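Working notes, structure below.
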Protein chains: 2
Amino acid sequence: MEDERRFAEEVGTVLSGMGLPAAFGKLMGWLLICDPPQQTSAQLVQALGLAKGSVSTGMRALEQLGMVQRVPASGRGHAYEMLPDALVRTVDARRLYLVIHAVMQKGIDVLGGDESAPRAQRLRVTRDFYAFVAERIPQLIDEFAQQEGLSQPRKDA
Amino acid sequence: MEDERRFAEEVGTVLSGMGLPAAFGKLMGWLLICDPPQQTSAQLVQALGLAKGSVSTGMRALEQLGMVQRVPASGRGHAYEMLPDALVRTVDARRLYLVIHAVMQKGIDVLGGDESAPRAQRLRVTRDFYAFVAERIPQLIDEFAQQEGLSQPRKDA
DNA sequence: TGCTATGTTCAGAAAGTTTTGAACTTTGGG
DNA sequence: CCCAAAGTTCAAAACTTTCTGAACATAGCA
């Protein structure tokens with residue numbers, strides 16, 4: 001019980017060290033380990049000692065990342081439940097790679113758009129690498145999903 | 001000239017949006033596009049309008065990530081030069097994946113160490129996924145290096 | 001060795017982010 | 001339709017991080 005809460009705190013610390021809000025990490029840690037897996041906002045407030053506002057904001061983020069889904073709760077309102085493959089989805093952040101790809105292309109354009117120019121080499125290698133990674137990540141995830149027997153978690157957004 | 005400086009600023013903004021210091025991003029952007037590729041601290045201070053301290057700190061970080069190397073400069077001191085595959089190296093952040101792997105294992109331990117327990121499922125899938133990714137990333141990088149004709153950028157740290 | 005260019009450190013200022021909680025809105029039961 | 005529970009928003013406070021620049025250290029030339 002207390003160990004589980006401590007685990008949530010620890011995930012909070014780790015994610016915080018990666019530049020994410022601690023509240024976000026605590027919620028994630030708790031939802032990974034809590035019993036039952038469905039938790040209402042009120043329960044999360046209680047369990048983690050966070051303000052209602054922080055839970056609201058944090059859960060919205062987790063939802064938008066596709067890590068958590070709402071489920072009907074008895075009475076009114078809803079509960080949240082983390083998906084089994086929640087963290088798998090986060091690696092599928094193709095957007096990140098595509099942003100870098102775009103910036104590198106812009107750099108090449110600044111240099112006159114000549115890809116073969118020696119000065120453009122670093123930019124070109126970087127651009128191509130991120131394109132390569134963005135292309136490969138979905139394959140990697142599929143491969144894992146298959147060997148693990150998960151249904152494909154392909155995200156379309 | 002002015003476009004190039006603007007490019008550096010833009011990389012600063014993008015990386016800043018990813019939780020990294022803006023000065024770090026500006027240095028990276030400038031080193032990706034500058035001519036000549038070798039730049040002294042004084043030149044970086046001048047080009048980017050950063051304080052000496054910020055350049056010093058930022059360059060130390062870029063060096064430790066293996067993105068930049070010191071090269072002898074005429075006169076005293078040294079210059080920095082970004083490696084062509086600098087950003088390729090940053091994806092090879094296996095440490096990140098292994099940290100998450102370790103946290104998930106800890107969570108399973110909190111639950112009594114029984115991997116087959118239903119409650120441990122989310123933790124187990126996550127742990128295994130990060131192990132999988134940590135294992136595959138080097139392969140992915142090698143594959144890219146080969147198709148691009150780069151010498152292997154394997155980092156041992 | 002003295003002198004200057006170069007580089008680093010670090011304390012405080014500036015900037016930015018997260019958290020909180022009170023006010024507000026929404027929802028659903030009776 | 002009213003009321004209470006549930007959820008959201010947002011401004012201000014608390015906190016954290018980055019940036020700056022002056023003081024300090026180091027290295028090489030003469």
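Here the structure is a predicted model, which is why all the values come from computation and not from measurement. Hydrogens, waters and symmetry mates play no part in the numbers below; they use all other heavy atoms, side chains included.
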- Check every atom of C/dT19, D/dG7, D/dT20 against the side chain of A/A22 and return the nucleotide holding the closest atom. C/dT19

- Item | Per B/L50 side chain, nearest of listed nucleotides C/dT20, D/dG7, D/dT20 | D/dT20

- Task: Round to a whole Å and report the spacing from CD of B/Q39 to C1' of C/dG7.
- Result: 17 Å

- Message: Counting distance alone, no hydrogens or angles: does the base of D/dG21 have a donor or acceptor under 3.5 Å from a partner atom on the side chain of B/K52?
- Response: no

- Length of the CZ-C1' vector between B/R60 and C/dT8, whole Å: 7 Å

- Verify whether one side chain among B/D109 and B/Q105 offers a donor that lies under 3.5 Å from an acceptor in the other. yes

- To the nearest Å, how far apart are A/R70 CZ and D/dG7 P? 8 Å

- With a 3.5 Å cut-off and no angle check, do the side chains of B/R127 and B/H101 form a donor-acceptor pair? no

- Message: If I take atom CD in residue B/Q43 and atom P in nucleotide C/dA5, what distance separates them, rounded to the nearest angstrom?
- Response: 16 Å

- Message: Using the rule side-chain contact (heavy atoms from CB on, under 4.5 Å), only one of B/L83, B/L27, B/L31 pairs with B/V68; which is it?
- Response: B/L31

- Checking D/dT18, D/dT9, C/dT19 against the side chain of A/P21 (C-beta onward), the nearest is C/dT19

- Provide, to the nearest angstrom, the distance between the CG atom belonging to A/L27 and the C1' atom belonging to C/dT18. 13 Å

- Query: Counting side-chain heavy atoms from CB outward, which of C/dT9, D/dG7, C/dT19 is closest to A/H78?
  - Reply: D/dG7

- Assess the side chains of B/E81 and B/Q38: does a donor N or O sit below 3.5 Å from an acceptor N or O? yes

- Note on the structure: Assign each of A/A79 and B/F24 the nucleotide of DNA chain D bearing its closest heavy atom; nearer the 5' end lies the nucleotide of A/A79

- Nearest to the side chain of A/S56, which nucleotide is it out of C/dT20, C/dT9, D/dT9? D/dT9

- Item | Rounded distance in Å - OH (A/Y80) to C1' (D/dT8) | 10 Å

- Given C/dT8, C/dT20, C/dT9, which nucleotide is nearest the side-chain atoms of A/S54? C/dT20

- Item | For atom CG of A/L48 and atom P of C/dT20, their distance in whole Å | 11 Å

- Message: Measure CG/B/L20 against P/C/dT17 and give the value in whole Å, please.
- Response: 13 Å

- Task: Please work out whether the ring planes of A/F132 and B/F144 are parallel, tilted or perpendicular, with thresholds of 30° and 60°.
- Result: tilted

